[in-house]
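The structure appears below as structure tokens.
These numbers were taken from a predicted model, which means no experiment stands behind them. Here is how names work: the chains are called A, B, and so on, in the same order as the sequence lines, proteins then strands, and each is numbered from 1.
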Protein chains: 2
Amino acid sequence: MPAGKTNEVAPARAVEMSPLNRTVGFLLKRAQIAISRDIHEIFAEFDVTAVQFSVLTVTANNPGIAQHELATALQVERPRMVPVLDKLVSRGLVVRRQDERDGRSRRIHLTEAGEELLAELHRRFALLEQRMVEVLGEEERDRLLTSLELLADRPR
Amino acid sequence: MPAGKTNEVAPARAVEMSPLNRTVGFLLKRAQIAISRDIHEIFAEFDVTAVQFSVLTVTANNPGIAQHELATALQVERPRMVPVLDKLVSRGLVVRRQDERDGRSRRIHLTEAGEELLAELHRRFALLEQRMVEVLGEEERDRLLTSLELLADRPR
DNA sequence: TATTGTTATACTCTATAACTATA
DNA sequence: TATAGTTATAGAGTATAACAATA
């Protein structure tokens with residue numbers, strides 16, 4: 001076995017990938033894997049996942065948002081929000097408050113600790129976005145975002 | 001309950017998403033989810049997943065490729081290749097052949113049935129890529145692919 | 001000692017169905 | 001009857017560790 005780990009990935013040999021190489025489906029996946037790893041890394045020391053970061057951010061900008069609204073906005077299924085929020089609540093980063101008018105609904109708010117952590121997370125996240133600009137250039141990054149929006153929002 | 005399903009997603013209200021909206025991390029994820037759904041749809045009637053399609057394609061262009069080479073090329077962990085290939089073997093789309101020189105290695109080849117199915121899958125996949133061109137335009141799609149390559153392959 | 005394919009395990013994510021309490 | 005949050009469950013995917021056969 002080499003250096004540290006078991007099951008380490010062997011150095012890639014010349015594998016012909018051409019039919020997949022320049023396709024949206026394949027490259028989008030590869031780029032997304034790479035960025036996901038970056039995000040995992042920059043948030044690892046805070047024990048925060050990408051979804052948790054999104055929840056904190058959207059909650060900060062939409063105080064009192066309902067769980068199902070979070071789920072819709074972040075494109076996760078509603079049952080998935082439960083354990084995600086449970087974790088954030090248990091860490092004292094957000095609170096669930098019963099809606100006064102609608103007994104079914106519980107509204108999410110950041111705590112002060114949540115605000116403070118989120119500020120730090122946003123600093124890290126901004127640095128990551130800055131790295132993207134360094135790789136792509138300002139203009140190309142902007143075109144990329146516009147293309148991605150078109151792909152994500154196109155009528156289905 | 002509305003039309004068909006339980007847990008159907010409620011129509012989105014005005015949720016302020018601005019800090020995430022125009023970021024590479026968030027939009028890449030959203031676009032990738034959308035394309036994944038497309039791929040799932042176009043291959044559903046053949047009961048083929050995106051990874052299986054990639055395996056068939058890479059195998060077609062690299063006959064006799066080893067499992068660990070497939071894993072490396074497709075960026076999946078080697079243990080993951082086992083059930084993926086098991087499924088393809090059980091459907092008679094690929095075969096595992098013992099390497100004559102190296103008793104550890106098993107080399108993957110497409111069967112005739114595999115070749116035929118793959119031809120049909122590629123027709124569907126090409127139509128999907130064509131839809132991307134219709135959404136983005138030829139030039140913008142090309143710029144997108146180049147940007148995605150930069151993000152995926154940038155030194156880490 | 002190292003590598004290939006494999007088994008095993010644990011954790012995450014996705015997707016659905018269904019329950020409860022409210023409306 | 002419909003909705004919000006929740007629980008439960010099944011199926012993928014991710015990530016590691018470790019084993020048997022082979023090098």
Taking atom [atom2] of [N] as reference, at what distance in whole Å does atom [atom1] of [X] sit?
X: B:K29; N: C:dC13; atom1: NZ; atom2: P; value: 9 Å
X: A:K87; N: C:dC11; atom1: NZ; atom2: P; value: 12 Å
X: A:R37; N: C:dT12; atom1: CZ; atom2: C1'; value: 15 Å
X: A:Q75; N: C:dC13; atom1: CD; atom2: P; value: 16 Å
X: A:L85; N: C:dC13; atom1: CG; atom2: P; value: 13 Å
X: B:R78; N: D:dC19; atom1: CZ; atom2: P; value: 17 Å
X: A:E69; N: D:dT3; atom1: CD; atom2: C1'; value: 13 Å
X: A:R104; N: D:dT7; atom1: CZ; atom2: P; value: 18 Å

So what does A:D99 touch, heavy atoms closer than 4.0 Å: a base, only the sugar-phosphate, or nothing?
nothing
Taking donor-acceptor contacts at under 3.5 Å, does the side chain of B:R80 reach the base of D:dT14?
no
When you match A:V51 and B:P83 each to their closest nucleotide on DNA chain C, which lands nearer the 5' end?
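Counting from the 5' end, the first nearest nucleotide belongs to B:P83.
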From the set [options], return the single nucleotide nearest to any side-chain atom of [X].
X: B:P79; options: D:dT22, D:dA17, D:dA15; result: D:dA17
X: B:E77; options: D:dA8, D:dA23, D:dT16; result: D:dT16
X: A:R106; options: C:dT7, D:dG5, D:dA8; result: D:dG5

Identify, between A:D102 and A:I33, the residue whose nearest nucleotide on DNA chain D lies closer to the 5' end.
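Upstream on the strand: A:D102.
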If each of B:E100 and A:M81 is mapped to the nucleotide of DNA chain D with the nearest heavy atom, which maps nearer the 5' terminus, i.e. the 5' end?
A:M81
NZ/NE/NH1/NH2 to OD/OE distance under 4.0 Å, [X] and [Y]:
X: A:E120; Y: A:R124; answer: yes
X: B:E41; Y: B:R37; answer: no
X: B:R22; Y: A:E149; answer: yes
X: B:D99; Y: B:R104; answer: no

Under-4.0 Å side-chain N/O to phosphate OP1/OP2 contact, [X] with [N]:
X: B:Q67; N: C:dT6; value: yes
X: A:S105; N: D:dT3; value: no
X: B:R96; N: C:dT6; value: yes
X: A:H68; N: D:dT3; value: no

Counting distance only, does the side-chain N/O of A:T111 pair as donor-acceptor with the main-chain N or O of A:G92 below 3.5 Å?
yes
